[in-house]
Trainee: 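Let me begin by handing over the structure; questions about it come next.
Numbers for residues simply follow the sequence, beginning at 1.
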Amino acid sequence: MPESSPRILKVIPQAAISGGLLEVVLDNFELLPGEYCHCLVNSRKVTPVAVSKNRCLLRLPRTEDSTAVLQLESSGKALTNTVIFKTGVCLAEGMHLVSNPCIDPVDGSIILTKSGSRGQEIPVTLFRLAKDGELSEISVDIMNPTGLAFDEKGTLYVSSR
């Protein structure tokens, strides 16, 4: 048995989204023969993708919370300290982001693209995601938008394939 308790040193990245891969950096972690390990994310058991004595990889399960509490457990007993990290919340689904979304400097909303395959015509290709989470269509006739940028005057530029 290790002399001191195993500890989570950090979680990389410091913020993640559901389905994202997390690297949990560990100190003094050791599984004894016959022991199993899982992670507790907001008290939910998650089987790690891989575990070694100094790191653990896991996929973040779906969560509606903006933070998550993480701890490693072995054979039913808590082994490590707990750490808190930020989690992203899904605001819009079905977008096809070829390049970057951008933030409107006037109201802070996020401008997103929905671009189909090369040459594919999609009825609505630009969207505005307001700070309150409301998704609205932007009426433009641009096929396959890719990159977005605002200039210093607040004019939106859209590149297209």
Trainee: Using modelled atom types and a 3.5 Å cut-off, is there a donor and acceptor pairing between side-chain atoms of N42 and backbone atoms of R44?
Mentor: no

Trainee: Is there a donor-acceptor contact under 3.5 Å linking the side chains of R7 and T80?
Mentor: no

Trainee: If you look at every heavy atom in C56 and L72, which pair is closest and at what distance?
Mentor: CB-CD2, 4.3 Å

Trainee: So, T67 side chain and K86 main chain: donor-acceptor pair closer than 3.5 Å or not?
Mentor: no

Trainee: I12, L9: one ILVMFWY side-chain cluster at the under-4.5 Å cut-off?
Mentor: yes

Trainee: Measuring from E35:CD to E73:CD, what's the distance to the nearest 0.5 Å?
Mentor: 11.5 Å

Trainee: Would the distance check show the side chain of D104 and the main-chain N or O of G108 forming a donor-acceptor pair, the cut-off being under 3.5 Å?
Mentor: no

Trainee: If two hydrophobic side chains count as joined below 4.5 Å and joins carry through other members, does L60 share a cluster with V25?
Mentor: no

Trainee: Only one of I138, L112, L135 clears side-chain contact (heavy atoms from CB on, under 4.5 Å) with R128; which?
Mentor: I138

Trainee: For Q71, does its backbone N or O pair with a side-chain atom of T82 as donor and acceptor, under 3.5 Å?
Mentor: no

Trainee: Which value, rounded to the nearest 0.5 Å, describes the distance between L57 atom CG and L22 atom CG?
Mentor: 9.0 Å

Trainee: If you round to the nearest 0.5 Å, how far is CG of L58 from CG of L70?
Mentor: 6.5 Å

Trainee: Can you list the steps and then say if I8 with F29 is a side chain to side chain contact (heavy atoms under 4.5 Å, CB included)?
Mentor: CA-CA 9 Å; I8 297 174; F29 182 76; over 6 Å; no

Trainee: Work out which heavy atom in F85 is nearest to a heavy atom in Q14; give both atom names and the distance.
Mentor: CB-O, 3.5 Å

Trainee: For the pair L156 and C102, evaluate side chain to side chain contact (heavy atoms under 4.5 Å, CB included) and give the outcome as yes or no after the intermediate values.
Mentor: CA-CA 9 Å; L156 175 63; C102 64; 3.9 Å; yes

Trainee: For the residue pair D107 and K131, what are the closest heavy atoms and their distance?
Mentor: O-CE, 3.7 Å

Trainee: Test your reading of the model: is there a side-chain donor-acceptor pair from S160 to the backbone of I142, 3.5 Å cut-off?
Mentor: no

Trainee: Using the side chain to side chain contact (heavy atoms under 4.5 Å, CB included) rule, take K45 and L40 through it: C-alpha gap first, then chi angles, then the decisive distance, then the call.
Mentor: CA-CA 5 Å; K45 290 183 181 182; L40 294 174; 3.8 Å; yes

Trainee: Assess the residue pair E30 and K53 against the criterion (salt bridge (charged side-chain N to carboxylate O under 4.0 Å, His left out)); give the C-alpha distance rounded to whole Å, side-chain angles, the decisive distance to 0.1 Å, and a yes or no.
Mentor: CA-CA 5 Å; E30 181 181 350; K53 69 178 188 173; over 6 Å; no

Trainee: Which atom names give the shortest non-hydrogen contact between I110 and P101, and what distance separates them?
Mentor: CG2-CB, 3.9 Å

Trainee: Less than 4.5 Å apart, any side-chain heavy atom of L126 and any of V158?
Mentor: yes

Trainee: To check you understand the geometry: which heavy-atom pair defines the closest contact between V46 and H38, and what is its length?
Mentor: O-CB, 3.4 Å

Trainee: With no hydrogens and no angle check, do the side chains of T63 and T87 hold a donor and an acceptor under 3.5 Å apart?
Mentor: no

Trainee: Check this for me: D132, atom CG, are more than 12 non-hydrogen atoms of other residues, nucleotides or ligands nearer than 6.0 Å?
Mentor: yes

Trainee: Near I103 CD1, under 6.0 Å, is it more than 12 heavy atoms from other residues, nucleotides or ligands?
Mentor: no

Trainee: For I17, does the CD1 atom sit with more than 12 other heavy atoms under 6.0 Å from it, leaving out its own atoms?
Mentor: no

Trainee: Run the side chain to side chain contact (heavy atoms under 4.5 Å, CB included) test on V69 and V41 for me, step by step, so that the C-alpha distance in whole Å, both residues' side-chain angles and the decisive distance to 0.1 Å come before the verdict.
Mentor: CA-CA 6 Å; V69 177; V41 178; over 6 Å; no

Trainee: Taking the side chain as every heavy atom from C-beta outward, state whether V140 and T125 have any atom pair closer than 4.5 Å.
Mentor: yes

Trainee: Might you point out which heavy atoms bring R59 and G19 nearest each other, and give the distance in Å?
Mentor: NH1-O, 3.1 Å

